[in-house]
Amino acid sequence: MQNLLHNLNPEQLAAVTLPAQSALILAGAGSGKTRVLTTRIAWLIQTGQMSPQAVLAVTFTNKSAKEMLSRLSSMLPINTRGLWIGTFHGLCNRLLRAHHKDAGLPQTFQILDSSDQLSFIKRLLKANNVDDEKFPARSVMYFINGAKDKGLRAAAVDAYDDNDRKMVALYDLYDAQCQREGVVDFAELLLRTYELLSRNQPLREHYQARFKHILVDEFQDTNDLQYKWLKLMAGNQAAVFAVGDDDQSIYAFRGANVGNMSAFEREFQVKNLIKLEQNYRSHGHILDTANALIAHNSKRLGKNLHTDAGHGEPVRISESSSDIQEAQWIVEEAKNLMREGSSGSEIAILYRSNAQSRVLEHALFSAGLPYRVYGGQRYFERAEIKHAIAYMQLMDNPHNDSAFLRVVNFPTRGIGARSLEQLQDAAKQYGISLYAAVPYVPGKAGNSLGAFVKLIEGARFETQNLPLPEMVQVVLDLSTLLTHYQTEKEGADRIENLEQLVNAATVFVSEEGFGQNAPALSGPSSQAAGLLALPGGIEIIDADAALPMVMSPLSAFLSHASLEAGDNQAQAGQDALQLMTVHAAKGLEFDAVFITGLEEGLFPHENSAKEESGVEEERRLMYVAITRARNRLYISFSQTRMLHGQIRYNMRSRFFDEMPEESLKWLSPKVQANWFGNKKSAWDEAPEAGVNAIAQGFSKNTGSGWRIGQGVSHAKFGEGVIVNIEGSGSNARAHINFGQFGMKLLDLSIAKLDKIAS
DNA sequence: ATTAATGGTTCACAT
DNA sequence: AACCATTAAT
């Protein structure tokens, strides 16, 4: 006990030992937030104030849920498997499996990840002859998810014009189709659980009585639905312990609402608001930089981080002439760090968008530096894995039409567009799934389709008593996926990935506790699942925390594949540089951090520039990036960058003007505003900005010194870069990127432009 | 029915 | 530059 609270600072101690009332903890970056959360749970249990069953702890990522569990198990001698600690989505999945009947779902319902959802919608639009010019699948998806994130069904959405009304109608169609196929998307997991508990009083009261303490991590990232979900779970009794940092709210794009923090304070009558402002992570210059930057945001709850650590190293800034050169510079600096004794896994390379990783990976690979990419294309998103999963999905739930279409003719078995058309007509006519419609297709097409159905049925029969890993192996063989990729030229990697799937299944079985005597799910074992007798003779089978209680190993594994896309399978444990987006880096820390691509249009991203709130979110994102670093921070930008196969010319990010000069060290000469003259700029000295660049238009100039890539200054629009020139001589007009002012087309003989460097 | 070729689109972030 | 979807050729 003394040990538990040992080494906490006064604010942390106060937070951990608060009475059982709702509380809001404003925890700055690096202030020991996870420590406070886990110690709070351990303290409540150890002092006997609550039993382990009474805790519900919610996080956003599987990573942080795992982190909490492992820290807890080192603090307490209890089996953490029984604890309700997980992501919103993971917990909802469990609840829905256990109460699938009440929720109106098949026990084997399957979860659509975002790419599944998109193709599902494309199929839906096609089947209903919707003009996909007017209603692109992406915007339909955005509309549906946006509504669900607010907790709204189609009937509850306000539509003000024809376009909206059509969207609402599509939303309704979409939900109906999901229901027919037995599939749910991410947002549906939450919405369905919310509806289940609001409708079902005994169930609601059961869980409300059970969870005396609800703890929420990253509270600033909750959306409206998640907030309502928490209110429902809490009822009138639970103490909600919310930990968050408004300065790190970076998920508005998927519905997060920072306003939930003040709403929580008001609606839960929070008397205990504690600020954790002591930073234990970063050196002074790094923290000063972060503080100065975030001070440019207007809407803040107010909080300033301080540290006892010294100033440390200044923040190093580097300018490059191309993205390739930027990557080269990072390789060199990383090598230096490692030569000085840094471990590669303590060095992170961060970027705004996944597309940037390619160039970095290329440079690292050529230099022979081991690296690991997080996010991007993940293991379970690879085509061959999706195929294998689709076979298993069909075995578990044959009405999943997406899975059916994915593999009905892969590997090819003579089922073409024509046969499928017949099948789809039959399915529509009888209102049934494609799988169920197969018997209604006559002739040759019907025969090949029938053979496919037999294949699935056979696989299900042969694997019904096998442990999961062996089941996967059999599916790989029977589906002929392995033999198919053996005959393909570049199939070696794919075969390796497929064989990894058997491994993944083995690991999953041992981690999630699906031992050889896992319940066979011929009906949940009432003893294992904790049968509860409630007054009035109602029995509730509690969705106890461990997965084996509520679903079969196969269903669980398929959920896992959707919910936990699987970090890139790169060998964990290897000492590799860490590559990821800034979003993916939230919650992590490293000795050294590189933040790349600090350019107008990229960071802040151009799509965010339209509204001030967008730029403020980008600034918070940069704040998150900076505060990941303990000792060393590098920030880089480049004059040119390849995008969509074309060279783009960008100006350096406005964020440089918002960071304190005294904490920065410019490695390449800083280009002054309106600087021009005889001294050559880095640009002039760097013709290697590519042979490509020259080929693609550098030769295009007007003969008067204007050329693509030339930096210019304009009285009204400020600084910009010429990105294209049309015409010549006195007719020459230039497309100029003025960053904040956007793209302008100016007549070179009329507009008053000055040349500047970069 | 399957493959090769073409052309339009996209890369912002993610449970 | 890479990806997908549709079209043309086998």
Side-chain angles (χ1 to χ4, degrees), chain A residues 58-65 86-93 111-119 122-123 126 132-133 136-138 141-142 145 148-149 184-190 218 221-223 225-226 249-256 323 350-359 362 374-378 380-381 383 409-421 444-445 448 488 559-567 580-586 597 601-609 614 617-618 620-622 624-625 641-648 692 696:
Chain A
V58 198
T59 65
F60 278 84
T61 65
N62 295 296
K63 213 187 305 173
S64 43
T87 63
F88 277 104
H89 297 86
L91 296 170
C92 286
N93 184 34
I111 302 167
L112 302 177
D113 66 24
S114 22
S115 70
D116 296 334
Q117 191 187 14
L118 186 65
S119 36
K122 282 181 183 164
R123 189 155 51 80
K126 203 165 267 177
D132 58 356
E133 302 262 298
R138 274 185 189 284
M141 177 159 105
Y142 187 80
N145 289 341
K148 288 192 179 186
D149 284 343
V184 301
D185 58 53
F186 285 141
E188 182 73 20
L189 286 169
L190 281 125
E218 309 279 15
D221 286 333
T222 52
N223 63 31
L225 177 56
Q226 286 159 339
S249 158
I250 55 173
Y251 281 106
F253 71 92
R254 61 175 202 209
D323 46 356
L350 308 183
Y351 34 82
R352 176 66 180 83
S353 68
N354 279 304
Q356 288 168 255
S357 77
R358 198 166 250 130
V359 176
H362 182 78
Y374 289 80
Q377 233 235 349
R378 288 183 260 192
F380 285 111
E381 288 165 2
N409 197 34
F410 191 94
T412 52
R413 45 177 74 89
I415 301 171
R418 201 52 183 266
S419 314
L420 286 180
E421 204 176 304
K444 216 169 116 192
S448 2
E488 209 173 60
S559 300
H560 168 81
S562 301
L563 289 176
E564 201 169 344
D567 284 334
M580 66 193 84
T581 63
V582 180
H583 281 90
K586 189 161 78 148
L602 190 60
F603 203 173
H605 196 274
E606 54 198 347
N607 296 358
S608 74
E617 175 142 329
E618 295 287 306
R620 290 193 292 271
L621 196 52
M622 185 61 187
V624 168
R641 190 172 292 280
M642 201 61 121
L643 191 71
H644 302 314
Q646 284 191 317
I647 293 180
R648 290 253 313 229
N692 282 345
Q696 295 208 11

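Residue numbers begin at 1 in each chain, while the letters A, B, ... track the order of the sequences. Just so it is clear, the structure is predicted and the values come from calculations on it, not from any experiment. What's counted below: heavy atoms across the whole structure, side chains too, no hydrogens, waters or symmetry copies.
Across all strands shown, A:Lys444 has no heavy atoms under 4.0 Å from either base or sugar-phosphate atoms. Within the 4.0 angstrom heavy-atom criterion, only backbone atoms of the sugar-phosphate kind lie near A:Asn409; the bases stay farther away.
In this structure, A:Lys122 does not reach the C:dT6 phosphate: none of its side-chain N or O atoms is under 4.0 Å from OP1 or OP2.
A:Asp132 places no side-chain N or O within 3.5 Å of a backbone atom of A:Lys122 that could act as its donor or acceptor partner.
In terms of the side-chain contact (heavy atoms from CB on, under 4.5 Å) criterion, residue partners of A:Ser115 (sequence neighbours excluded) are, by chain and number, A:Asp113, A:Lys386. Under the side chain to side chain donor-acceptor pair (under 3.5 Å) criterion, A:Arg413 pairs with A:Tyr391, not counting sequence neighbours.
Rounded to whole Å, the separation between the C1' atoms of B:dC13 and C:dC4 comes to 22 Å.
Here the two rings, on A:Phe253 and A:His583, have centers that are under 6.0 Å apart.
When each of A:Glu133 and A:Thr412 is assigned the nucleotide of DNA chain B with its nearest heavy atom, A:Thr412 is the one assigned upstream, toward the 5' end.
One interatomic measurement links the two molecules: CD of A:Glu421 to C1' of B:dA1, which rounds to 14 Å at whole-angstrom precision. Taking atom CZ of residue A:Phe410 and atom P of nucleotide B:dA1, one finds them 17 Å apart after rounding to whole Å. Whole-Å rounding puts the A:Arg641 CZ to C:dA1 P distance at 16 Å.
A cation-pi contact, defined as under 6.0 Å to the ring centre and within 45° of the axis, links A:Lys63 to A:Tyr374.
The heavy-atom pair separating A:Ser353 from A:Thr581 by the smallest distance is C-CG2, 4.4 Å.
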Using a 4.0 Å cut-off on protein heavy atoms (strictly under), produce a 5'-to-3' string for nucleotides 10-15 of chain B with B for base contact, S for backbone-only sugar-phosphate contact, and - for none.
-> BBBBBB
